[in-house]
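See below for the structure under consideration.
Here the structure is a predicted model, which means the values were calculated and not measured. Residue numbers start from 1 in every chain, and the chains themselves are labelled A, B, ... in the order their sequence lines are given, proteins ahead of strands.
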Amino acid sequence: MSNALGLEVKTIVETPPEEVERVKEWINTDEYKEKNFARQALVINPAHACQPLGAQLAAHGFEGTLPFVHGSQGCASYYRSTLNRHFREPAPAVSDAMTEDGAVFGGQNNLHEGLENAYAIYKPKMIAVFTSCMPEVIGDDLTAFIKNAKQKGFVPKEMPVPYANTPSFSGTHINGYDSMLLSILQNLTEGKQIEGRCTGKLNLIPGCDFNTGDYREYKRILEAFGIPYTVLADISDSFDSPCDGNYHLYAGGTKLDDAADSINCKATIAIGSYSTAKTFGWVKDNFSGKHASLPMPMGIEKTDAFIMKVAELFGKDVPASLKNERGRAVDAITDSHQYIHGKKFAVYGDPDYLMGYVSFLLEVGARPHHILCSRGNKKVEKDLQALLDGSPFGQGCKIYMNKDLWHLRSLLMTDPVDGIIGDSHGKFAARDAKVPLFRFGFPIFDRVNKHRYPLIGYQGAINMMTEICNKFIDIKDDTCEDRLFELMR
Amino acid sequence: MSNALGLEVKTIVETPPEEVERVKEWINTDEYKEKNFARQALVINPAHACQPLGAQLAAHGFEGTLPFVHGSQGCASYYRSTLNRHFREPAPAVSDAMTEDGAVFGGQNNLHEGLENAYAIYKPKMIAVFTSCMPEVIGDDLTAFIKNAKQKGFVPKEMPVPYANTPSFSGTHINGYDSMLLSILQNLTEGKQIEGRCTGKLNLIPGCDFNTGDYREYKRILEAFGIPYTVLADISDSFDSPCDGNYHLYAGGTKLDDAADSINCKATIAIGSYSTAKTFGWVKDNFSGKHASLPMPMGIEKTDAFIMKVAELFGKDVPASLKNERGRAVDAITDSHQYIHGKKFAVYGDPDYLMGYVSFLLEVGARPHHILCSRGNKKVEKDLQALLDGSPFGQGCKIYMNKDLWHLRSLLMTDPVDGIIGDSHGKFAARDAKVPLFRFGFPIFDRVNKHRYPLIGYQGAINMMTEICNKFIDIKDDTCEDRLFELMR
Amino acid sequence: MSDKIRKVEGITKESTEALIAETLSVYPEKAKKKRAPHLGANDPASGSACVKSNKKTVPGVMSARGCAYAGAKGVVWGPIRDMVHVSHGPVGCGWYSWGTRRNMMSGITGVTSFPMQFTSDFQEKDIVYGGDKKLKTLLEEAHELFPLAKGISVLSECPVGLIGDDINSVAKQSAKELDIPIIPCNCEGFRGVSQSLGHHISNDTIRDFIIGTREYAEPESPYDIALIGEYNIGGDAWSTKPLLEECGFNVKSVWTGDGELEKIAATHKVKLNVIHCYRSMNYMCKVMEEKYGIPWVELNFFGPTKIRNSLRQLAELFDDTIKAKVEAVIAKYDPIMQAIVDEYKPRLDGKKVMLLVGGLRPRHTIGAYEDLGMDCVGSGYEFAHTDDYDRTAPEMPDATVVYDDPSEYEFEKFAAALKPDLVGSGIKEKYVFQKMGVPFRQMHSWDYSGPYHGYKGFEVFARDVDMAINSPTWKLVKAPF
Amino acid sequence: MSDKIRKVEGITKESTEALIAETLSVYPEKAKKKRAPHLGANDPASGSACVKSNKKTVPGVMSARGCAYAGAKGVVWGPIRDMVHVSHGPVGCGWYSWGTRRNMMSGITGVTSFPMQFTSDFQEKDIVYGGDKKLKTLLEEAHELFPLAKGISVLSECPVGLIGDDINSVAKQSAKELDIPIIPCNCEGFRGVSQSLGHHISNDTIRDFIIGTREYAEPESPYDIALIGEYNIGGDAWSTKPLLEECGFNVKSVWTGDGELEKIAATHKVKLNVIHCYRSMNYMCKVMEEKYGIPWVELNFFGPTKIRNSLRQLAELFDDTIKAKVEAVIAKYDPIMQAIVDEYKPRLDGKKVMLLVGGLRPRHTIGAYEDLGMDCVGSGYEFAHTDDYDRTAPEMPDATVVYDDPSEYEFEKFAAALKPDLVGSGIKEKYVFQKMGVPFRQMHSWDYSGPYHGYKGFEVFARDVDMAINSPTWKLVKAPF
């Protein structure tokens, strides 16, 4: 029998319950894991987004800056809502709403009309343009388009309109962040280098970090040092702004003048060697002063490294307040080490976060048993392996490069761990594996205020240790027999 | 049949399982609740300790101060271990180890020998003496004893040896705190008032608060104002000291010189009108400048009141950084209000904490349904009732004065709530009632680092809101059907 | 349609038109000219649209709109629980739309239901060499790892169309080889002006590949209906489906909330299609009407007044058995609903709400607010068409502002003037208004709550609206210093 | 007793005595004179105490000791699960000892077991007018609210004795009226010099009010034994009791861990008392020996070496059936224990531990550390007597320092000189050493872990010791700047 379309017509038959049961068990087996890891084409539950998202994050990090998506308006809606959900904050951005015509005529008209309108309505000090798929596929020439826009007066000639090519079919959000940030810095500092001038300031580039608490923590640390600084791409006020009855379209960001003058700095530290690779490469060659690229200062050792680098670059001693803070963090850690010692973790996320999680876990005596990097290169793998090799707690831990959260599920079901560190998307695998998910990183859609608690610095180490240990105690309290339920833990 | 002692000898009979089952159900009934609330003499699971514990806390709040228990050495061991467990920190204190002889001869010899040894071995700058039961029952005259000790040279004449009578059979630890603090201040400031001198400083008395984060938060706020201050009885470094390889017997505390000069202050704020009642009464009459007694600044409204009082006393505007902080806290609260709105809580604890919890819950739209005060007077009840009367969310909420955690259990089983706020001792009732216990207050024996996170100030409001809301979301995630388990919350 | 023309104090045609003019004054001429026809004062008496709609979004103005892919993946296909839905192209589109629409699902994840993100995660080389071969491999892998999936949809993202891949032929070949339905859907984001075209394309795809390919195993009955345009947001379908069953109907399939492919494929056998979200699925109702002679009726399941009217309207199309059951149902729920109204209305009476949602709720929810004593003082759609605005006119009070695809700027300006007690819109707008201290509920996703449909939903809706408006936290917004 | 005299490199009688002298140098003369006899260098060959003990604590020196009440409530009575234990007097003593000793309990809280805090919460007026009447009322209330409690203990706090209350007469009268055992225990904290007198008083009270008042329902057997001085810290008894049962014994009662009043009361019917904590319960062993002719044997359940020796020592007292079973048990566990040693010893070999605990573990745990390759370089007790120190001498290496009721100052000084890799003591000492970066385990409470007794316990002990010493967190203590 066939229907009007020539398609076969069948009677509906329900899948037998025993077959459902069989498959339900099967997907937890080693056999399934092998098939799952044999995948070549299908990606299931990836732990990374696409470049423009990161580009938008970087754009929000500058004063009066309107992120501008050259592409379909749907793209912009996706980036914006993702940031809204993570930060529970506005994420104002526009697009030039390209449609089919773009494929035929190119996107210049959309870009020009978009710039004109955006400038008139939203009165930005800078418009940061980045691309989604369409213009990348059709090959729009943004250099020319923007030059023309200024010539035709759609935006003032003096207004910075940096742009970045951020094709979604290459890299992840961290690369988009890097490209946009680089473009902004190139644009703002162009011609601003002054021979002999030194601002005496430290440029700090926090990297593609979605935790506003981290930004504030960096600043607090530098203030403890008494070192003048410019945080480049400072999203802290942009995505953690007061609720006081007034909405500010541009709630925060690095002052454009400071960013322009950053080229005359005393030193620059770029955090996150993967999400600031291109930017740091350029800064190193173009900014005055000294330059350092450091891993995210997660845990005591990596924070020590950061602190010492700052001290070294500025020839300062580490202030007593930070020494004490370090001591208190170590105290918090030694006080609680027994709750995490030897515990196995699965961790996933962006390479820079991963390096931090792994370093922290190893130094407190936990085992980063499954390390899953959704997208990363050989260098990421080598750096992670070096961390593992440096600790007895790294023995037996394994790195899975370019794998997704459906791979993770197989790992969890066949080689269980005690906890998972990652973003909200891991909650399904965590539920199936019946282990807690520690929501660090990005995105966190299902818990409140997490991005306000720093993960970096000594305070970040306290925060991670506290959350993890208290959760393990929660679990003990929740699941122990009555006779083992007790006042002290 | 009777045994050698003339006692009846019976054969062991096990309680029948159905009888066990019956009683197990019965203790959860309204009938049981009535019997339970009819108790006149028996106290079961009280939520308060005795005076000397609070006295020791106050003593730790001063530079180089050795807490000295005049009484049995067992008492001192109990206070110390309680503080050790809560803070996971040392709590050095000595006792003069009174025994039976004391009942006959009085405790002067013990006190003298104790002072001599303590001074020689532990080299304190001040010895703060407080009493446990024995000397209080036998009526030791500490004024005379200490005078004699100095005359006989057991301790230098110039060394401050304040003392407080802190009988365990009256009041609770908060009263012991108050008495010891008063005695220390009286002792240190004696003769230090200088006509016409004004230090320009604010004295802040945080009250009997066992959260070191709160002390640091007060100081941070005052620093944001740029107001010079002396925190009187500052335990923050005493009970949150660095782990850096060195043990310091006296790790923190208010400088004795600052405490002595506090009498010449510009203003004094005493936090916690119940735990600093006596102290504030005396300060008001004896310290220069202005004086204010304020509730613990928990939640936005009470923090506003604190901030405004500081601003008023010093004729300063509220600094922008605090305004922004307030806005961010309100943002954190409005962002998450839906997770707590209308939720019912049982709360218990010391009166000052209770006032804070209730005020916070009401302002975020939750209901402090059962308010249980382990020990408090009519004023406490009146003040709590006034809070309830001021909000629609206070309707139907009830205050239980001078009740214990076994009463609480009956309330929870017969009139359930969504969550409990209190100390670790509530965990048994919480488990029986199958609701989460939010561990604020004192003591917290079974979770780590809680005392490092402030409950007061705007940051404290974020902390409480975050912990509570995320726990409710945890519960939803943990208990919902598969079909209702989702990425966003 | 509402009984009479309602007015809101202070709102007149003049005031609204002045507000619109004032709002547009900042725009460049060209943009102003484009935007002006999309903003208007409602004329309920006319019963027709006061604005233009379904036009290209003006570049650069911060629209809330999504794209065709969003309409296809997020709205129509995503909710079908027993299919693997492949976001074909780069990683982002699928990632952003993963788990964010709250179309709830039964079943066992990865076994019988698939609320996961499946993507071909295009790389540079796929753009250069084309992705058809990868797609073929991917389909085999999906079938091997998820053997109980009843079918696979392939949802094209922008590059697929731009580089000229032929997913239709891959789908056809693989469907044959794997012996399961594989549905290619050319819903590239650049097509059309909004989500709306994605709905239409998806409807057409259902028409071309699905409808009529299955038949129900159980015998037909005169009370067989399908529930169309019900996406089970926050569990809506778990409120409406049982309600219709309580009224005596057999709900043979739900399009597409918690949907099952084969039941959808057999929908040509029902006696009536009941449509809730007209915008996204009227196409297939019309197809089924034309091709299989199935009548359809458009209902509203928000709030007791609209539910009552809807159920009676539905009963009119059936026999006395149904009519009696429907009256029994109404009689059962009326007092329950009244109790809810009695609880919340005292705290909500006279409060004003402004809406900006998708293609249904800007009109359908008005009655529910009115049940609670509230007035809707402004409403608009992201991606509606004229027929939607026609239907909106009688629902809104006289002269209130209507906005089509408004920019965030326009929406803010209108709100600043109208001072609503509640704004109901999407996540992109939520925190803008909350910063201003204006209570807000997400009306796409029920703000992580729900259901809002049906009697069961009204209780939740009323509670949430009360919570939003009467939370004491708003009193904290203004500092006393 | 150990096989041979062990030495620790660098420790000699001279070095230890110099250390002691140096430590005491800061003390005032009187205190120095008092303290000196309590500190000594071990002489294992002598087999006898090298220090004085059980003397009054020197005032003002920061002792770790508790009081008689603590010994009675915390140690002896508290663990009996089916009794209500009333802390009679002010609120504090009961509150501080509530749930802090980790004597684990079976049963249903508030129904069949009572790990709660019961207090008469004395107020000023109770001091003035006496608390006997309150006590009487309280006992009635307890009986009414906890009808399944098998008895009530009344544990006096300091004021009770000082004001001259007569709890014995109240208890007697109420016991009659309520028809349950009510045991008055005059364990006021001011009595004696430490917890130790509390143990003794409690033992005497058991002798006077409990022992011999019950008989087991089931028939006697030659393998009936009681386990004495096992308090089930961290579940110890749930390791040792099954182990003894596996060896063929009927463990008729445990004193008093997870204890049951009536089974304890019938213990005069067993064939042998096996005692673990000699200090706290030797009194009742001796009473039962004298009065009922029950022999007793002192064993050590820490670490495989001591367990093996202990089980064989026990088997020697019984027939071949038991001997065979014991050998089977040893054969079964030896390889399991060896595996544990093989796992941890490589990381622990040669590490040094210092101990300061209560009345048993400063000697009993030494073998367990040695099983892991560790040396005990200093040990001492809070409240031991000469017979404890006699038993300690052969367990410790030659010339190592022994300290009785040391002040925290002394303990710190010794540790600073001896540089142990681990300190095992109580909560009051824990954070002092951790601040110094010295790994620490609470050896009263097993640091919220356990059990440490028996074979099951050794696995936990070994893991914990390894965790403490080899946690990488200690490497973080010293800042690199």
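- When each of B:Lys476, B:Lys427, B:Glu486, B:Arg85 is checked for heavy-atom pairs under 4.5 Å with chain A, B:Lys427 comes out on top.
- In summary, A:Glu217 and A:Arg220 engage in a salt bridge, as defined by a charged side-chain N under 4.0 Å from a carboxylate O.
- In this structure, no portion of A:Lys434 lies under 4.5 Å from any heavy atom of chain B.
- Only the backbone of A:Phe87 comes within contact range of chain B, judged by heavy atoms closer than 4.5 Å.
- With values rounded to the nearest 0.5 angstrom, B:Leu53 atom CG is found 5.0 Å from B:Leu83 atom CG.
- Contacts between A:Arg452 and chain B at a heavy-atom distance below 4.5 Å involve the side chain alone, from C-beta outward.
- In terms of non-hydrogen atom pairs under 4.5 Å with chain B, the most contact-rich of A:Ile333, A:Val330, A:Asp335, A:Asp244 is A:Asp335.
- Options B:Asn324, B:Asp482, B:Asp331 differ in how many heavy-atom pairs under 4.5 Å they form with chain A, and the most are formed by B:Asp331.
- For the set A:Thr334, A:Asp478, A:Asp474, the count of heavy-atom pairs under 4.5 angstrom toward chain B peaks at A:Asp474.
- With hydrogens and angles ignored, the 3.5 Å screen pairs a side-chain donor or acceptor of A:Tyr348 with a backbone N or O of A:Gly426.
- Contacts with chain B were tallied for A:Arg489, A:His425, A:Arg328; A:Arg328 has the most, counting heavy-atom pairs under 4.5 Å.
- The contact between A:Asp237 and chain B is made entirely by side chain atoms (from C-beta outward), counting heavy-atom distances below 4.5 Å.
- Remark: B:Lys343 is positioned above the aromatic ring of B:Phe472, its terminal NZ or CZ atom under 6.0 angstrom from the ring centre and at most 45 degrees off the axis.
- Under 3.5 Å, the side chains of B:Ser374 and B:His48 contain a donor-acceptor pair of N or O atoms.
- Of all the listed residues (A:Gly245, A:Ser336, A:Ala332), the one sharing the greatest number of non-hydrogen pairs under 4.5 Å with chain B is A:Ala332.
- Of the listed residues (B:Asn470, B:Asp240, B:Thr466), the one with the most heavy-atom contacts under 4.5 Å to chain A is B:Asn470.
- To the nearest 0.5 Å, atoms CG (B:Asp304) and CZ (B:Arg326) are separated by 4.0 Å.
- Note on B:Arg447, B:Lys323, B:Arg88: by heavy-atom pairs under 4.5 Å with chain A, the leading option is B:Arg447.
- Remark: side-chain polar atoms of B:Asp214 are paired, donor with acceptor, to backbone N or O of B:Leu455 under 3.5 angstrom.
- Using a 4.5 Å cut-off between heavy atoms, A:Ile462 touches chain B through backbone and side chain atoms alike.
- For the set B:Ser424, B:Cys469, B:Ser241, B:Pro443, the count of heavy-atom pairs under 4.5 angstrom toward chain A peaks at B:Ser241.
- Interface residue A:Tyr339: only side-chain heavy atoms are found under 4.5 Å from chain B.
- Side-chain polar atoms of B:Glu467 and B:Asn463 form no donor-acceptor pair below 3.5 angstrom.
- At distances below 3.5 Å, at least one donor-acceptor pair connects side-chain atoms of A:Asn211 with backbone N or O atoms of A:Tyr453.
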